[in-house]
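Please read the structure below before turning to the comments.
Note on naming: letters A, B, ... go to the chains in the order of the sequence lines (proteins, then strands), and numbering restarts at 1 for each one.
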Amino acid sequence: MPLTKLERSSNYFINAFFIIVCALITVPFLLVIAVSISSEDSLVQYGYRFIPHEISFEAFRIVFKEPSIMLRGYGVTIMITVIGTVIALFLTALTAYPISRRDFRYQRPITFYVFFTMLFNGGLVPFYILMTQYFHLKNTLGALIIPLLLSPYNILIMKGFLDKISMEIIESAKVDGASETRIFLQMILPLSTPALATLGLFISFAYWNDWFTALLFIDNDKYVPLQLLLVRILSQIEFLANSPLAEAADKLQFANFPTLSVRMAMAILAGGPMLVIFPFFQKYFVRGITVGSLKG
Amino acid sequence: MKLGSRIGRWLKREWIYFRKNRELLMLAIPGIVYKLLISYIPMVGLILAFKFFRYDQGIFGSRWVGLDNFKFLFKAQDAQRIIRNTLLYNFTYIILGTAAALLFALLLNEVSGRMVKLYQTTMFLPYFISLVLVGYIAYAFLEHKSGYMNSLLQNLGFAPHKWYFETKPWLFILPLVSIWKGVGFSTLVYYAGILGINSEYYEAARLDGASRPQMMMRITLPLLKPLVIILFILGLGNIFRGDFGLHYFVPNNVGMNFPTTDIIDTYVYRALTKLGDINSAAAVGFLQSVVGLVTIVSANYLVRRLDKESSLF
């Protein structure tokens, strides 16, 4: 149907609106990038600017010159992201599948059991004590992986997807003598690839970006993930000045250690990879996110 | 005797059901056990709110102290402040966030073709970075000497601000950052809801000569209502729980700003890690959980009385 004149002009208006909104959303990222590639002198003299007064990749050079800090952070983060995502994805599907089956007698009680934790929980203190005093997980990789394994919200998304798989497929497999485990592993999982892709991406972002569990449970340098590294740098400038990075800067015979640009460079290195990956998976999102009702 | 045989029959029936369902139950067991360990056992720990916790005595061995742990709530100015801040900020986030996301989703629905994807992707970007990074971005804008905001202000002829040492600006900065970070996701949720609306409604309306604004007001909005209400109820359930990351990293945990930035969660974290005051922290955590449950159940009750279809459970 052709657009009327009014509709066309309102279309221009709406597009202009979104272009402004998108610009406002992108601009902060640009500032961080601009600061990271500005020379320290120009930052001190002119302040942070969107267009660098003098371009310099010194900050990145310093970070890469003494890569041990970043590399260890990357190592921990990649490890928890990969291990965590695989286990979490499997566990989420495993839990969502039975409660998506309408013929499962315990469907309602288990659904309630899982979603009640969204409404009520023990709070931070008992959780902290449980993890540290009873499970002895302080300063372990487990402390970074275990708390994020199974979120009711992810189960909700997965269940919403599984609800659409027709019962007849399952029935026919049962008639052929397949066990429930086999149906789940060989039919349900392959059929759920789009949902698993969406959820996998969400879960891996959750692991990649997680700082809270690290903030609570990690004070050993060995298991500091990227985000916690950033927390430490953000809260104390001295951390940078006393770190191997500063020594690297000395080796490069810098009078002043460029804290301003190095900060932003590290922020980009920590957050960048996920932002680059994300647009490629974006097409799954609209299909994947269906906030279904909790009833059922 | 009669009762005994009835219980016997019931047990027998349940046993048959159990055998029929046990395979599916087995599949659910790992999730059930996990939730038991991670979510349900800490609920038992809520009794800590009424105990004086000592590490060497454990949760159960520690001494009962009744409501002593809650005392600071009635004495300290802190308590009033953090409760007020938490509630007001959360209301602001819920209302502004919902309004912005609804507006964006409705407008996005009016845009045709390729551009939708571009807008979505762009708006989604901030959702995928951690709040620590958001803290860095805020720092790039607000730092006193070199931050962009101050050079902008000075260029426009205004006086620069020491943002991290002033209380008032945070009342605006925090909601702004919250929307910046979250609007893409909420918009997508509502947009997906709009796409899920049966297109027959629109075709019928078009035949009747409805304009696009009319369709928006008469079809899209009413059909989105249940989704809006469900998300609103869920939001209310967290009214007593603040966004720790937002209030910790964006104001950079500067003590001077606590009057306008401190919320229950940042307070509990400090009480737990810096002050070592586990007992007050446990009491506050107890209140958070109980108030959350009460608000969500009563909000749901109200909604169900007004409109059964929109209620959460």
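Using a 4.5 Å cut-off on side-chain heavy atoms (C-beta onward), W180(B) and L24(A) make no contact. Counting heavy atoms from C-beta on, the side chains of F286(B) and V125(A) never come closer than 4.5 Å. Annotation: side chain of V111(B) is in contact with side chain of N15(A) (closest heavy-atom distance under 4.5 Å). In this structure, S130(B) and W208(A) have side chains that are not in contact, with every pair of non-hydrogen atoms separated by 4.5 Å or more. Taking the side chain as every heavy atom from C-beta outward, N121(A) and R241(B) approach each other to under 4.5 Å.
Interatomic distance, OH of Y34(B) versus CG of L149(A), reported as 4.5 Å (0.5 Å rounding). In this structure, CD1 in I38(B) is found 10.0 Å from CG in L148(A), a value given to the nearest 0.5 Å. Between the CG atom in L133(B) and the CE atom in M264(A) there is a gap of 10.0 Å [rounded to 0.5 Å]. Rounding to the nearest 0.5 angstrom, the gap separating the CZ atom in F116(A) from the CE atom in M43(B) is 5.0 Å. Interatomic distance, CZ of F120(A) versus OH of Y40(B), reported as 10.5 Å (0.5 Å rounding). Atom CD1 of residue I129(B) and atom CD1 of residue I268(A) lie 11.0 Å apart, to the nearest 0.5 angstrom.
Proximity to chain A involves both the backbone and the side chain of L36(B), based on heavy atoms less than 4.5 angstrom apart. The contact between L48(B) and chain A is made entirely by side chain atoms (from C-beta outward), counting heavy-atom distances below 4.5 Å. Looking at Q227(A), both its backbone and its side chain come within 4.5 Å of chain B, counting heavy atoms on both sides. Interface residue F18(A): backbone and side-chain heavy atoms are both found under 4.5 Å from chain B. Residue contact with chain A, scored on non-hydrogen atoms closer than 4.5 Å, is absent for Q288(B). Neither the backbone nor the side chain of T92(A) comes within less than 4.5 Å of any heavy atom of chain B. The part of I41(B) that comes within reach of chain A is its side chain, from C-beta onward, which places non-hydrogen atoms under 4.5 angstrom from that chain. Interface remark: F53(B) contributes side-chain atoms only to the contact with chain A (heavy atom separation under 4.5 Å). With a threshold of 4.5 angstrom between heavy atoms, I183(A) does not approach chain B through any atom at all. For I146(A), the parts sitting under 4.5 Å from any heavy atom of chain B are the backbone and the side chain alike. Residue I29(B) does not touch chain A at all, counting heavy-atom pairs closer than 4.5 Å. For L103(B), the part lying near chain A is the side chain, with the backbone staying farther off; criterion is any non-hydrogen pair under 4.5 Å. Looking at I129(A), only its side chain comes within 4.5 Å of chain B, counting heavy atoms on both sides. For I47(B), no part sits under 4.5 Å from any heavy atom of chain A, backbone or side chain. Within the 4.5 angstrom heavy-atom criterion, only side-chain atoms of M115(B), from C-beta onward, approach chain A. For chain B, the nearby part of Y97(A) is the side chain; its heavy atoms alone come within less than 4.5 Å.
We find that E14(B) and R105(A) are joined by a salt bridge, their nearest charged nitrogen and carboxylate oxygen being less than 4.0 Å apart.
Annotation: K20(B), atom NZ; neighbour count of heavy atoms from other residues, nucleotides and ligands within 6.0 Å does not exceed 12. The neighbour count for R270(B) CZ, taken as heavy atoms of other residues, nucleotides or ligands under 6.0 Å away, is above 12. Within a 6.0 Å sphere centred on CZ of F13(A), heavy atoms belonging to other residues, nucleotides or ligands number 12 at most.
Your options are A140(B), G285(B), S151(B), and the one with the most heavy-atom pairs under 4.5 Å with chain A is A140(B). Comparing N209(A), T95(A), D210(A) by how many heavy-atom pairs each has under 4.5 Å with chain B, the most go to N209(A). Ranked by heavy-atom pairs under 4.5 Å with chain B, the first of I99(A), D103(A), T117(A), T26(A) is T117(A). Listed options P147(A), G123(A), S179(A) were ranked by heavy-atom pairs under 4.5 angstrom with chain B; first place goes to S179(A). Ranked by heavy-atom pairs under 4.5 Å with chain A, the list I137(B), V134(B), I32(B) is led by I32(B). Most heavy-atom pairs under 4.5 Å with chain A: of the set T122(B), V132(B), L131(B), V268(B), this distinction falls to V132(B). When V35(A), T181(A), V114(A) are compared by the number of non-hydrogen pairs under 4.5 Å with chain B, T181(A) comes out ahead. For chain B, the option among A206(A), A267(A), A96(A) with the highest count of heavy-atom pairs below 4.5 Å is A267(A). Interface summary for chain B: among F212(A), W211(A), Y106(A), F127(A), the most heavy-atom pairs under 4.5 angstrom belong to W211(A). When each of L152(B), T295(B), L37(B), N238(B) is checked for heavy-atom pairs under 4.5 Å with chain A, L37(B) comes out on top.
Among all heavy-atom pairs drawn from P30(B) and L91(A), the shortest one is CB-CD1, 3.7 Å. Closest heavy-atom contact between G122(A) and S289(B): C-OG, 4.3 Å. Minimum heavy-atom separation, L150(A) to K35(B): O-NZ, 3.2 Å. When all heavy atoms are compared, the tightest approach of L107(B) to I14(A) is O-CG2, 3.7 Å. L27(B) and F184(A) get closest at one heavy-atom pair: CD1-CB, 4.1 Å. In this structure, P42(B) and P126(A) approach most closely via the heavy-atom pair O-CB, 3.3 Å.
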TODO: Determine, stepwise, if the pair F104(B) / V21(A) fulfils side chain to side chain contact (heavy atoms under 4.5 Å, CB included).
DONE: CA-CA 10 Å; F104(B) 285 14; V21(A) 167; 3.7 Å; yes

TODO: Start with the C-alpha gap between L25(B) and I110(A), add the side-chain angles, then the distance that decides, and say whether side chain to side chain contact (heavy atoms under 4.5 Å, CB included) holds.
DONE: CA-CA 9 Å; L25(B) 189 62; I110(A) 295 177; 3.7 Å; yes

TODO: Run the numbers on L215(A) and F244(B) for side chain to side chain contact (heavy atoms under 4.5 Å, CB included), then give the verdict.
DONE: CA-CA 12 Å; L215(A) 200 60; F244(B) 176 80; 3.8 Å; yes

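Not a single donor-acceptor pair under 3.5 Å links the side chain of Y136(B) to the backbone N or O of R263(A). Using a distance-only test at 3.5 Å, with no hydrogens or angles considered, a donor-acceptor pair links the side chain of E23(B) to the main chain of E180(A).
Taking the ring centroids of Y269(B) and Y128(A), they lie at or beyond the 6.0 Å cut-off. Ring-centre distance between F205(A) and Y127(B): not below the 6.0 Å cut-off.
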